[in-house]
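Step one of this worksheet: look at the structure below.
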Amino acid sequence: MPELPEVEVSRLGLLPYLPGQVLQGVSLRAPRLRHELSPALAERPVGRCLKRVERRGKYLLFDFESEGGGGWIILHLGMSGSLRLVPPGTPPGKHDHVDLHFPGRTLRYRDPRRFGTLLWVDGPVVLDHPLLAPLGVEPLSDAFDGAWLHQALRRRQAPIKQVLMDAHCIVGVGNIYAAESLFRSRISPLTPACRLSRQRCDRLAATVREVLAESIAAGGSSVRDYVHSDGGAGSFQLIVAVYDREGEPCQVCGGPIRRITQGGRSTFYCPRCQR
DNA sequence: CGTTACCCCTGGAGGC
DNA sequence: TGCCTCCAGGGGTAAC
């Protein structure tokens, strides 16, 4: 499942090829992903120049400039989405739902489970869109540190694991990175967020940043004209210490990794090391 | 305002 | 071997 690092690596993979190119056409082969695919997506951006590809949380934002005000494509990979650049005319596979045709290259969106999002927004500004406006802090920005985190957690009584994954608080931290960050900072996923000391918030903020940056660096080194986003085990060479390792020995203490359910999702942690 | 239940969808896992 | 059922999982939305 694509998380912030996979999305950022996808973005980096597009940068050498797409900005500055005029969109020639759009093919929609599915009626809907998470939401209905609007006809505007197939019509409005065509003939416009793609200025930039930005990222906000796990959303990719394609900026199409224009004399008349411009507009954006908002894209989210959901759980199983991936992007790749293919030569024009490449036959689409079963789950290749959308193509953006650029000169000499087609940006192809694949999403077997169709939890993704792809939509067109008119106008020069996109960050005030209802999907983006409520998003929390970017964990790789300067604004995110122990002091910020300590303040943000003050009123949250929910377990820290669930708050870490709350995109209205911090964007881009999914199940894998939440588990790995908590393991590295030796904090139990069950700890009520508001009970974390300033010192532990310092440690947690640092490890969240560290894990994300490591993963981006590992993925970034493998970017070519193929844009990876499948997020499969080991695809980013991130050393996974606890995620999906129920029953396996902890790398630090040798005790068994435990799996529990929090908010309907699996949490993996070492009950001995994480307090 | 914080928290929780539900829903979207399909591949893969497990049961028989 | 094959068919059927179950369910994870991001995140938005509605409801509590």
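Just so it is clear: chains get the letters A, B, ... in the order the sequence lines come, proteins before strands, and each one is counted from 1.
Contacts with DNA chain C (heavy atom under 4.0 Å) in residues 110-120 of chain A: A/Arg113, A/Phe115, listed by number. For residues 148-161 of chain A, proximity to DNA chain B is found at A/Arg156, A/Gln157, A/Ala158, defined as any non-hydrogen atom under 4.0 angstrom from a strand atom. Near-neighbour residues of DNA chain C inside residues 54-63 of chain A, defined by a heavy atom below 4.0 Å, number-ordered: A/Lys58, A/Tyr59.
Contact check, A/Lys94 against B/dG11: a side-chain N or O comes under 4.0 Å of OP1 or OP2. Listed pair A/His168 / B/dC1 fails the phosphate criterion, with no side-chain N or O lying under 4.0 Å from OP1 or OP2.
Judged by closest nucleotide on DNA chain C, A/Phe268 is the one of A/His35 and A/Phe268 placed further toward the 5' end. If you find the closest nucleotide of DNA chain B to A/Gln162 and to A/Arg34, the one lying nearer the 5' end belongs to A/Gln162.
The only member of A/Val163, A/Leu149, A/Thr191 that meets side chain to side chain contact (heavy atoms under 4.5 Å, CB included) when paired with A/Leu196 is A/Thr191.
Applying the side-chain hydrogen bond (donor to acceptor under 3.5 Å, both in side chains) rule to A/Arg155 yields no partners; only residues at least two apart in sequence or on another chain are considered. With sequence neighbours excluded, no residue forms a salt bridge (charged side-chain N to carboxylate O under 4.0 Å, His left out) with A/Asp145. Partners of A/Arg272 under the side-chain hydrogen bond (donor to acceptor under 3.5 Å, both in side chains) rule, at least two apart in sequence or in another chain, do not exist in this structure. In this structure, A/Thr117 has no side-chain hydrogen bond (donor to acceptor under 3.5 Å, both in side chains) partners at least two apart in sequence or on a different chain. Every residue meeting the salt bridge (charged side-chain N to carboxylate O under 4.0 Å, His left out) condition with A/Arg55, not counting sequence neighbours, appears here in chain and number order: A/Glu8, A/Glu138. Annotation: salt bridge (charged side-chain N to carboxylate O under 4.0 Å, His left out) contacts of A/Arg259 (sequence neighbours excluded): none.
Rounding to whole angstrom units, CG of residue A/Leu77 and P of B/dC8 are separated by 22 Å. Atom-to-atom, CG of A/Leu37 to P of B/dC9 comes out at 12 Å; the value is rounded to the nearest Å. Straight-line distance from the CD atom of A/Glu246 to the P atom of B/dA13: 16 Å, rounded to whole Å. In this structure, the CD atom of A/Glu36 is 12 Å from the P atom of B/dC9, given to the nearest Å.
Side-chain atoms of A/Gln21 do not come within 3.5 Å of backbone N or O of A/Phe102 as any donor-acceptor pair. Side chain of A/Glu248 to main chain of A/Ile257: no donor-acceptor pair is present (N/O by atom type, distance under 3.5 Å, no hydrogens or angles). Listed for the A/His101 side chain is no donor-acceptor partner under 3.5 Å among the backbone atoms of A/Pro88. Using modelled atom types, one side-chain atom of A/Arg11 and one backbone atom of A/Val53 make a donor-acceptor pair closer than 3.5 Å.
The other members of the hydrophobic cluster of A/Leu135, by chain and number, are A/Tyr59, A/Leu61, A/Trp72, A/Ile74, A/Leu119, A/Val121, A/Val126, A/Leu127, A/Leu131, A/Leu132, A/Val171 (side-chain heavy atoms under 4.5 Å, ILVMFWY only).
Taking the C1' atoms of five terminal pairs at each end of the helix from B/dG2-C/dC16 to B/dC16-C/dG2, the two resulting helix axes are inclined by 50°, rounded to 10°.
The residue A/Leu33 sits apart from the nucleic acid: no heavy atom pair falls under 4.0 Å.
Relative ring orientation between A/His97 and A/Tyr109 is described as tilted, the plane-to-plane angle lying within the 30° to 60° band.
In this structure the side chain of A/Pro45 never reaches within 4.5 angstrom of the side chain of A/Phe62, judged on heavy atoms. Residues A/Ile73 and A/Leu100 are in side-chain contact: their nearest non-hydrogen atoms beyond the backbone lie under 4.5 Å apart.
A salt bridge does not link A/Arg29 with A/Asp96: every distance from a Lys NZ or Arg NE/NH1/NH2 to an Asp or Glu carboxylate oxygen is 4.0 Å or more.
The nucleotide range of DNA chain C contacted by chain A, defined by atoms under 4.0 angstrom from heavy atoms of the protein and reported 5' to 3', is C/dA8 to C/dG12.
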